[in-house]
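Following: one structure in C-alpha cells, then a few remarks.
Indexing begins at 1, ligand by ligand and atom by atom, following the structure's order. The analysis underlying the following values was restricted to heavy atoms, covering all of them including side chains, and did not include hydrogens, waters or symmetry mates. Given the structure is predicted, the values throughout are model-derived calculations rather than measurements.
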Amino acid sequence: MFKGKAAVVTGSTSGIGLSIATAFARQGADVVLNGLGDPAEIERVRAGLEAETGVRVLHSAADMTKPAEIADLIALADRTFGRLDILVNNAGVQHVAPVEDFPAEKWDQIIAINLTSAFHTIRAAVPIMKRQGSGRIINTASAHALVASPYKSAYVAAKHGIAGLTKTVALELATHGITVNAIAPAYVWTPLVEKQIPDTMKARGLTEEQVRRDVLLAAQPTKEFVTVDEVAALAVYLATDAARSITGATLPIDGGWTAQ
Ligand code: NAD
C-alpha cells in the first residue's frame, strides 16, 4: 500500500510506536525507527523488521528533548529515502504525582518529549512534504487530550497541547495535500502503562489489582485494554488516500471512555 513511501515514527523502539512502525513497514514503506533502549535489542528489532518486510529500516537514537537531534532525524529520512511521506509523533513518557509534589524537572521532560518534540519534527518535515505536495502527520495523543485524570498534570497538559497543535497545523497545511491528525487511545497495555502502576499505587494507596481495575480500566466501558495493533491499524488508515478529508481531528480509540 505504501511502497516507495517513507515514514518516520518517533518513540518506536517499544509499545505503540513499534507496532505503528511495523504496520507501515508491512505495508511497504521504508521506515526510520527512533527511540531509546538497549542497542543490541534495537538492532535485533531493526534487522528483523527489514528481513521480514524487505523494506529499508533505519534506527535513529535522536533524543526527543534535543531540537538539533530532532532536526537530524527528519534530515536522515530525507537524505536516505529522498522523501518523507508519513511522520508519526509518538514518543512519550509519563509521571504520576499530585501537582504540589510534581518534580519540576519531570514537568519539563514530559512537555519536551510529549509536546515540544512534535513541534520540532513538524517544522522540519513540512518543507519536505510541501515539496512533494503530499504528506501525513499523525500524532499519538491520548484520551488525556480530551479529558483529564488527577495526578497527571504534565501529561494531560502536553496531550491537550498536541490536540491544539494538530488542529493548527492541519489548517495551515489543508491546501497542500497534507493531513494532520491525532489518535487518542485510552489505556493500551505497554511498558508505559506498566511502569506507572507502582507510582499510582503510592499516590492513591491502592494495590496493583485495584490500580488496574479501579483506576486504569475504571473509565473504559469495555473493561479491556486497547491493543497496540488497533492503534496501528488506525494510523495506517489515516495515511491512506481514502482518509484525505480527515484532518485536524483527534480520534478517540478508547472503548467509549470519552463518550461518557
Ligand atoms: P512505551 O514506553 O512503550 O514507548 C515509548 C517510546 O518513546 C519508546 O520507544 C521510548 O524509547 C521512546 N522515548 C522515550 N523518551 C524518549 C526520548 N527522550 N527520545 C526519544 N524517544 C523516547 O510507551 P507507549 O505506551 O507505547 O506510548 C507511546 C505513545 O502513546 C506515548 O505518546 C503515549 O503517551 C501514548 N499513549 C499511550 C497509552 C497507553 O495506554 N500505553 C495511551 C494513550 C496514549
Side-chain angles (χ1 to χ4, degrees), residues 8-23 31-39 41-42 45-46 59-74 76 88-96 105-106 108-118 120-121 138-149 152 154-163 165-166 182-197 200 211-212 215-220 222 224-232 234-235 250-255 257-258:
V8 169
V9 185
T10 73
S12 51
T13 51
S14 169
I16 294 170
L18 179 55
S19 182
I20 291 174
T22 301
V31 172
V32 183
L33 299 172
N34 159 256
L36 315 175
D38 170 33
E41 173 58 17
I42 293 172
V45 169
R46 188 206 65 75
H59 170 256
S60 157
D63 181 339
M64 290 299 109
T65 65
K66 304 220 163 76
E69 294 187 20
I70 297 171
D72 284 348
L73 167 68
I74 301 301
L76 173 69
V88 182
N89 291 304
N90 171 83
V93 292
Q94 175 64 285
H95 186 77
V96 180
E105 64 276 11
K106 284 285 178 198
D108 289 343
Q109 184 202 29
I110 290 173
I111 299 297
I113 297 172
N114 296 21
L115 175 59
T116 309
S117 73
H120 289 296
T121 57
I138 300 164
N139 301 317
T140 308
S142 164
H144 284 122
L146 302 166
V147 295
S149 298
K152 296 184 174 176
Y155 188 87
V156 172
K159 295 299 184 181
H160 276 64
I162 281 286
L165 178 67
T166 299
I183 297 177
Y187 285 101
V188 187
W189 191 254
T190 69
L192 180 140
V193 168
E194 214 172 337
K195 276 187 264 176
Q196 65 188 274
I197 289 181
T200 310
V211 171
R212 280 174 192 255
V215 180
L216 299 180
L217 294 178
Q220 241 154 281
T222 51
E224 284 181 20
F225 287 96
V226 177
T227 71
V228 293
D229 291 344
E230 290 162 10
V231 179
L234 182 53
T250 294
L251 299 165
I253 174 162
D254 66 4
W257 177 348
T258 55

Among all the protein's non-hydrogen atoms, which is closest to [atom], and how far away is it?
atom: atom 6 (C) of ligand 1; result: Gly11 O, 3.4 Å
atom: atom 11 (O) of ligand 1; result: Leu36 N, 2.9 Å
atom: atom 43 (C) of ligand 1; result: Pro185 O, 3.2 Å
atom: atom 9 (O) of ligand 1; result: Thr13 OG1, 2.7 Å
atom: atom 27 (O) of ligand 1; result: Leu192 CD1, 3.9 Å
atom: atom 38 (C) of ligand 1; result: Ile16 CD1, 3.9 Å
atom: atom 18 (N) of ligand 1; result: Asp63 OD1, 3.0 Å
atom: atom 30 (O) of ligand 1; result: Thr140 CG2, 3.2 Å

Using a 4.0 Å cut-off to any heavy atom of [X], which atoms of ligand 1 qualify?
X: Gly15; result: 3 (O), 26 (O)
X: Ser14; result: 1 (P), 3 (O), 4 (O), 8 (C), 9 (O)
X: Ala141; result: 35 (C), 36 (N), 43 (C), 44 (C)
X: Asn34; result: 20 (C), 21 (N)
X: Ser12; result: 9 (O)
X: Gly35; result: 11 (O), 21 (N)
X: Val193; result: 39 (C), 40 (O), 41 (N)

Report yes if some N/O of [X] lies less than 3.5 Å from some N/O of ligand 1; otherwise report no.
X: Lys195; answer: no
X: Thr190; answer: yes
X: Val93; answer: no
X: Ser142; answer: no
X: Ile113; answer: no
X: Asn90; answer: yes
X: Thr65; answer: no
X: Val188; answer: yes

Side-chain touch [X]/[Y], heavy atoms, less than 4.5 angstrom:
X: Asp254; Y: Val226; result: no
X: Gln196; Y: Lys152; result: yes
X: Asn114; Y: Val93; result: yes
X: Thr121; Y: Val8; result: no
X: Tyr155; Y: His95; result: no
X: Asn89; Y: Ile162; result: no
X: Ile20; Y: Ser12; result: no

Determine whether the side chain, the backbone, both or neither of [X] has a heavy atom under 4.0 Å from any heavy atom of ligand 1.
X: Ala143; result: neither
X: Ala186; result: backbone
X: Tyr155; result: side chain
X: Ala62; result: backbone

Distance in Å, [X] [atom1] paired with [Y] [atom2], rounded so as to fall on 0.5 Å steps:
X: Asn139; Y: Thr166; atom1: CG; atom2: OG1; value: 4.0 Å
X: Leu36; Y: Thr13; atom1: CG; atom2: OG1; value: 6.0 Å
X: Thr65; Y: Ile111; atom1: OG1; atom2: CD1; value: 13.5 Å

Quiz item: Is there a heavy atom in Ala112 that sits closer than 4.0 Å to ligand 1?
Solution: no
Quiz item: Below 4.0 Å from any atom of ligand 1, is there a heavy atom belonging to Lys159?
Solution: yes
[Y] backbone acceptor or donor facing [X] side chain under 3.5 Å:
X: Glu69; Y: Asp63; result: yes
X: His59; Y: Val32; result: no
X: Thr190; Y: Gly15; result: no
X: Thr10; Y: Asn34; result: no
X: Lys106; Y: Gln94; result: no

Quiz item: Using 30° and 60° as the class limits, which term best fits the ring planes of Tyr187 and Trp257: parallel, tilted or perpendicular?
Solution: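 Parallel: the ring planes of Tyr187 and Trp257 meet at under 30°.
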Self-check item: Criterion side-chain contact (heavy atoms from CB on, under 4.5 Å) on Leu217 and Glu224, from CA distance to verdict
Solution: CA-CA 7 Å; Leu217 294 178; Glu224 284 181 20; 5.9 Å; no
